[in-house]
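None of the values given here were measured: they were computed from a predicted structure.
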Amino acid sequence: MGHVEIPETDISGPVGLRGAPRPRTAASRNRTAALEQLWRAPTAQRDPAERVPARRKPVHRAWVGALTDLLALAGPAWLLLTLGEQPRPWLAAAVAGLLWTGLRGVRGRYADPVRAEPGGAFGALGDWLVLLGVLAVLHAAAGGSVDPATAVVAVAPGLLVATAVEGLRAGLRGRAVRKVLLVGEAAGLDRAAELLNSRTDHAYQLVAAIPVGPGLPGFENLQVPGRLASSPADDDVTTVLGGAYAHDADLVLVAPGPQLTGDRLRRLGWGLHDAGVALCVASELSGVAAGRVRPVTAAGLTLLHVAPPLRGGPQGALKAALDRGGALFGLLALAPLLLTVALCVRFSSRGPVFHRQVRQGQHNRPFTMWKFRTMVADAEARKAQLSEDNEVDGPLFKMRQDPRVTPVGRTLRRTSIDELPQLFNVLLGQMSLVGPRPPLPEEASRYDEREGRRLAVKPGLTGLWQVSGRSDLSWQETVSLDLWYVDNWSVATDMGLLARTVRAVTDGRGAY
């Protein structure tokens, strides 16, 4: 067949009376060419021998976890149902085991522990409760004759094994490190690098950066394996992949900017995902927990809905109930210890047993806070003489070797026992078990707007500050931790912080 030449036409224009498309004008051809250039995929021709070979990925065998759950639940279930003389124990155990494994798989429990998000402290328990609900529905629908109490006992070993495995996976996840290649304009690179390098409570290790445009990152020790042009280019993907492979990075973190957004970012994502390299886009949001962010798509835009911080509602009521109940239980259980400490304070140095001090609480309302006295009786009068020896920046006053602290008081501070009388403040509703520490009036008077947000919730007996370094932290680090809690607290977060407090008190670091 001969070559047929098709005339240029504008298929987007209106059709004439006879249905023939109208010839395109020069302006129309220019618009079409611009669109084609915009949507054209990178077409740089390279010798396949020069391509950087794909890396071998570590093998993650999800079937091992699934098989462990299946056998751990089905095996003991069959044995217990058999001993309980239940009908068809093998069938009931097999159904329960398959449901358990399928449920755990659907909820992502067998994902790569290095790349997966944690399932939470009660992940296995939540799965197990759902399993009980499903089994109850099946039992009612099929008219099963298995005794419900025996069935619950039979599937309990599966929960114990799954909880132990999740603990091991959590330890593996805590040791796992994701090597990060930063991509973005110089200002975005500096911001991301500064934040990543300023904290160690995350799994992201910065290994290199690829700047976009003429600027250079401000970090001197940061490796720069390549550079992207200010405008989109055919070698964007190959440059980023080359940098990722050269530094063994398994995550590319993009800091969007005027020169790296929209279609260019989408094309980069195509290339990275096709090559098996993970992509993450940094957001300008900071201090917002992932649970408060909900991504949605509208009109081709990816929108991030940010839920407001909790200030009341069911969780607020539950927090208040847990505070009062926990404080009452703590006072009753610790009564012998409190009496012993009171006697030691009273007979070890002159002065009262308790130290009462006015502090600023929620919404900057003053209240009287109680604690065991750990200093000499005239400590407040001697504070002005020691102001030049303050070892903490900001409005706080802290000294590692404060001469006003008594020998007994030093032990009480190191173990945080001196704070236990504040359970009375919690019982009275002036404080919470978990929250920011209450400041002194003179400290609160020097707060700026950012620091003043610490007073949006009730102060706490413990909090992120206590479990993250205590007095070893700088003032700005303390404020950042408190603000994160103020905006992202939940009852589950409080339970986790209370558990971590026990370890922090036992460790004793930063207590002085």
Answer yes or no: is there a side-chain heavy-atom contact under 4.5 Å between [X] and [Y]?
X	Y	answer
Pro352	Arg373	yes
Ser490	Gln315	yes
Val152	Trp128	yes
Leu253	Val183	no
Ser432	Leu461	no
Val254	Leu268	yes
Val353	Leu343	no
Leu338	Leu331	yes

- prompt: Are Val180 and Val207 close enough, and set up right, to give a side chain to side chain contact (heavy atoms under 4.5 Å, CB included), and what steps lead you there?
  reply: CA-CA 6 Å; Val180 177; Val207 295; 5.7 Å; no
Straight-line distance of [X] [atom1] to [Y] [atom2], nearest 0.5 Å:
X	Y	atom1	atom2	result
Cys280	Leu272	SG	CG	12.0 Å
Arg227	Thr239	CZ	OG1	11.5 Å
Asp418	Arg410	CG	CZ	12.0 Å
Leu497	Arg500	CG	CZ	6.0 Å
Thr462	Leu433	OG1	CG	9.5 Å
Gln259	Leu265	CD	CG	13.5 Å

field: Residues Lys319 and Asp494 bridged, charged N to O under 4.0 Å
entry: yes
Note: Asp69-Arg104 ion pair, threshold 4.0 Å (strictly below): yes
message: Can you list everything that forms a ring pair (Phe, Tyr, Trp, His ring centres under 6.0 Å) with Phe354? Sequence neighbours excluded, please.
response: Trp370, Phe372
Do any N or O atoms from the side chain of [X] and from the backbone of [Y] form a donor-acceptor pair under 3.5 angstrom?
X	Y	value
Asn425	Thr368	yes
Arg294	Val306	no
Thr261	Pro258	no
Thr297	Gly300	no
Asn488	Gly287	yes
Trp489	Leu310	yes

- prompt: Where do Gln430 and Lys458 land on the side chain to side chain contact (heavy atoms under 4.5 Å, CB included) test, with the steps shown first?
  reply: CA-CA 7 Å; Gln430 299 165 332; Lys458 286 184 181 180; over 6 Å; no
Could you check whether atom [atom1] of [X] has more than 12 heavy atoms from other residues, nucleotides or ligands sitting under 6.0 Å from it?
X	atom1	value
Glu194	CD	no
Arg356	CZ	no
Phe424	CZ	no
Arg346	CZ	no

With distance as the sole criterion, is a donor-acceptor pair present between the side chains of [X] and [Y] under 3.5 Å?
X	Y	result
Trp475	Glu451	yes
Arg413	Thr374	yes
Ser480	Arg450	yes
Arg454	Tyr447	yes

Closest non-hydrogen atom pair, [X] against [Y]:
X	Y	value
Leu189	Ala209	CD1-CB, 4.2 Å
Ser230	Pro214	OG-CD, 3.7 Å
Leu334	Leu423	CD1-CD1, 4.4 Å
Gln360	Pro438	O-CB, 3.7 Å
Gly243	Leu181	C-CD2, 3.9 Å
Pro436	Tyr485	CD-CD2, 4.1 Å

Full working for side chain to side chain contact (heavy atoms under 4.5 Å, CB included) between Gln422 and Lys371: CA-CA 6 Å; Gln422 291 161 37; Lys371 61 189 303 185; 3.9 Å; yes
- request: Could you go through the side chain to side chain contact (heavy atoms under 4.5 Å, CB included) check for Gln205 and Leu196 one step at a time?
  value: CA-CA 8 Å; Gln205 177 187 355; Leu196 287 175; over 6 Å; no
message: salt bridge (Lys or Arg N to Asp or Glu O under 4.0 Å), that's the test. Do Arg437 and Asp482 meet it? Break it down for me.
response: CA-CA 9 Å; Arg437 289 299 294 162; Asp482 284 342; over 6 Å; no
- request: Give the intermediate values and the outcome of salt bridge (Lys or Arg N to Asp or Glu O under 4.0 Å) for residues Arg267 and Asp236.
  value: CA-CA 9 Å; Arg267 291 176 180 280; Asp236 282 355; over 6 Å; no
